[in-house]
Asks: 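Okay, here's the structure, questions in a sec.
Below, all heavy atoms of this structure are taken into account, side chains as well, without hydrogens, waters or symmetry copies.
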Amino acid sequence: MKGAYDEDGGAGTPDSGGSGDDGPEPRGGHDAPASPDRPAHPAAPGPPSPDGTTASPGPGGPPRDEPPGGSNGPTANDAPGGPSVPDAPNSPAPRIPLPRASVEDTGRALPDVVPGGPVALEHHVLTSLLGAWALAACSAEEAAAVEEHIGECAPCADEALRLRDAVTLLQRPESLDLDPALRTRVLEGCLERRPPRIPVPEWATPYDAETARLDALLQDIGDAEWHAPVRLRWFEADGAASRRTTVAGVIAHLLTVDGLVAVALGLADPLRDITAPTSAPGSRTEAYWRASHYPPTRAVRAPWRELSHDIVRTVSFTGDAGGMPVSYGDFELPLRDAMLDRAFECWVHAEDIADAVDYPYEPPSARHLNRMIDLAARMLPGVLAQRRMAGLAAPGARPHLVTAGEPGRSLRLEIEGSGGGEWLIPLDSPGAKGSADHEVAHVALDGVEFCRLAAGHVPPAEAAAGQVGDREAIRDVLFAAASLSRM
């Protein structure tokens with residue numbers, strides 16, 4: 001019985017699956033086992049047949065009309081550049097093609113690289129690219145073409161320069177100066193983790209912060225800038241006054257006036273053998289300047305910074321009272337207020353130095369600025385009384401004395417912005433109490449503007465942002481604020 005063909009094209013019976021005598025010989029099948037009458041390997045091919053094919057060498061060899069490589073056609077080894085894989089009998093062709101060989105592995109020459117350069121563009125196209133070129137938004141080829149063109153075309157070069165300058169206005173220049181509140185935040189973080197055994201009193205922290213900020217400015221300037229001209233300004237006898245000096249001269253001025261606090265604390269006087277006519281700040285400064293054989297140089301920074309450290313260290317041992325009097329010649333301040341006064345003057349003169357050397361400088365932190373404004377507001381009633389005694393302030397439409405601690409005519413001072421708040425300034429007596437029920441005028445100013453008024457840097461007539469009420473009382477308070485200034 002003839003058997004059915006299997007999947008490989010072979011024939012066999014249902015029982016054994018082998019080949020029978022009456023069935024066709026399987027194509028591409030295995031050779032029969034070797035026997036004495038049959039060699040183990042096929043003989044060499046015979047002569048070619050008339051149709052151009054090679055005759056079969058004998059039983060078990062390839063069929064007569066079969067192409068080389070078996071019934072399955074060419075193998076992977078036959079493909080050019082394919083991997084060398086040994087042939088397996090009756091192996092099917094791969095369903096996924098094998099990877100192709102790269103150009104580098106074939107030994108073929110790589111194509112030449114075309115050198116880059118400016119592309120050839122028309123004039124109107126190059127003109128339209130000037131804006132993108134100014135913003136650095138062109139490709140490398142377009143940028144090269146624009147740059148080559150503006151070297152030859154004067155109108156386009158002028159337009160490119162104008163656009164490039166306009167781009168610089170789109171970016172705000174950032175100050176290289178550190179945030180003035182950064183030092184305070186860092187110290188607060190450190191002190192929260194490890195409180196100091198001897199803390200700096202709260203009323204001394206503004207002086208500590210402002211001296212540190214000024215010292216940072218001084219470290220950034222060169223030797224020549226220490227001799228840059230600076231004009232110290234203040235308000236005296238209802239008029240502007242000034243004194244010309246240098247950056248080093250300003251630091252010498254701060255050193256001599258800080259010496260008043262140092263003497264009150266029992267520290268050495270920085271004047272040493274120099275004798276001043278009076279203990280007023282201006283007199284001490286002039287004596288120091290006259291005693292110097294040469295103009296002050298940057299060498300004055302070391303003794304000033306050392307004295308500021310000594311002052312902060314010493315006041316830390318005084319406790320939180322700060323009631324020790326500090327003499328300024330013709331008036332006295334408690335130690336806590338004297339430290340605020342020194343912090344205020346340090347900031348004001350630091351701005352004078354910054355303006356002279358073109359250095360960015362920010363106002364103090366809001367908390368410290370509020371304390372400086374509060375000190376000035378508390379000093380205004382006494383200055384008003386002195387000006388009234390000197391005939392520089394009007395006594396009011398109905399002058400009358402008020403018992404200490406009793407309410408009297410008051411002016412509401414409203415400070416806006418950083419460090420702002422409201423203060424009721426008694427007008428009739430230094431010992432009177434400010435009262436909203438007796439308010440006769442209202443003045444509104446910016447916080448930094450008020451401090452510059454108190455430093456004598458702003459004329460009183462130009463300082464007020466808003467005025468309501470008694471004009472005479474407003475004028476007296478503004479002039480009294482300017483009179484707080486001194487050299």
Asks: Side chain of Ser283, backbone of Thr278: donor and acceptor closer than 3.5 Å?
Replies: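 Between the backbone of Thr278 and the side chain of Ser283 there is a qualifying donor-acceptor contact (under 3.5 Å).
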
Asks: Is any side-chain N of the basic residue among Asp310 and Arg313 closer than 4.0 Å to the acidic one's carboxylate O?
Replies: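 Salt bridge between Asp310 and Arg313, a charged N being under 4.0 Å from a carboxylate O: yes.
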
Asks: Please say whether the positively charged group of Arg290, taken as NZ for Lys or CZ for Arg, lies over the ring of Tyr288, i.e. under 6.0 angstrom from the six-membered ring centre and within 45 degrees of the axis.
Replies: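 No, Arg290 does not lie over the aromatic ring of Tyr288.
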
Asks: Taking only Lys NZ, Arg NE, NH1 and NH2, and the carboxylate oxygens of Asp or Glu, determine whether Glu351 and Arg452 approach each other closer than 4.0 Å.
Replies: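 Arg452 and Glu351: salt-bridged.
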
Asks: Between Glu406 and Lys433, does any NZ, NE, NH1 or NH2 come within less than 4.0 Å of an OD or OE carboxylate oxygen?
Replies: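 No salt bridge links Lys433 with Glu406.
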
Asks: Please tell me if the side chains of Tyr359 and Ile353 come closer than 4.5 Å, counting only heavy atoms from C-beta onward.
Replies: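 A side-chain contact is absent here, since even the closest heavy-atom pair is not under 4.5 Å.
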
Asks: Regarding Arg486 and Asp341, does a basic nitrogen lie under 4.0 Å from an acidic carboxylate oxygen?
Replies: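 Judged by the 4.0 Å cut-off on N to carboxylate O distance, Arg486 and Asp341 do form a salt bridge.
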
Asks: With distance as the sole test, does Ser485 use its side chain to make a donor-acceptor pair with the main-chain N or O of Phe235 at under 3.5 Å?
Replies: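 Yes; judged by distance alone, with no hydrogens or angles, the pair exists.
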
Asks: Are the side chain of Glu225 and the backbone N or O of Gly222 linked by a donor-acceptor pair below 3.5 Å?
Replies: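 Judged by distance alone, yes, a pair lies under 3.5 Å.
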
Asks: Looking at residues at least two apart in the chain, or sitting in another chain, which of them share a salt bridge (charged side-chain N to carboxylate O under 4.0 Å, His left out) with Glu472?
Replies: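 Glu472 satisfies salt bridge (charged side-chain N to carboxylate O under 4.0 Å, His left out) with no other residue.
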
Asks: Please find the pair of heavy atoms, one from Trp347 and one from Pro364, that lie closest to each other, and give the distance.
Replies: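 For Trp347 and Pro364, the tightest heavy-atom pair comes out as CE2-CD, 3.4 Å.
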
Asks: Asp337 and side chain to side chain donor-acceptor pair (under 3.5 Å): which single residue from Arg378, Arg342, Arg371 fits?
Replies: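 Running side chain to side chain donor-acceptor pair (under 3.5 Å) over Arg378, Arg342, Arg371 with Asp337 returns exactly one hit, Arg378.
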
Asks: Hey, does the side chain of Arg243 reach the backbone of Leu232 with a donor-acceptor pair shorter than 3.5 angstrom?
Replies: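 Not at all, since once roles are kept as given, no pair shorter than 3.5 Å links the two residues.
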
Asks: Begin from the C-alpha positions of Asp476 and Arg388 and carry the test salt bridge (charged side-chain N to carboxylate O under 4.0 Å, His left out) through to its verdict.
Replies: CA-CA 9 Å; Asp476 289 344; Arg388 192 174 291 118; 5.2 Å; no

Asks: Got a salt bridge between Arg164 and Glu147, using NZ or NE/NH1/NH2 to carboxylate O under 4.0 Å?
Replies: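 Looking at Glu147 together with Arg164, the answer is no, because their closest N to O distance does not fall below 4.0 Å.
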
Asks: Going by an N to O cut-off under 4.0 Å, is there a salt bridge joining Asp352 and Arg231?
Replies: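 Salt bridge: no.
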
Asks: According to ring-ring contact (aromatic ring centres under 6.0 Å, His included), who are the partners of His124, at least two apart in sequence or on a separate chain?
Replies: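 Counting only residues at least two positions away or on another chain, His124 forms no ring-ring contact (aromatic ring centres under 6.0 Å, His included).
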
Asks: Step by step, work out the salt bridge (charged side-chain N to carboxylate O under 4.0 Å, His left out) result for Asp269 and Arg284.
Replies: CA-CA 11 Å; Asp269 191 346; Arg284 289 172 58 89; 2.8 Å; yes

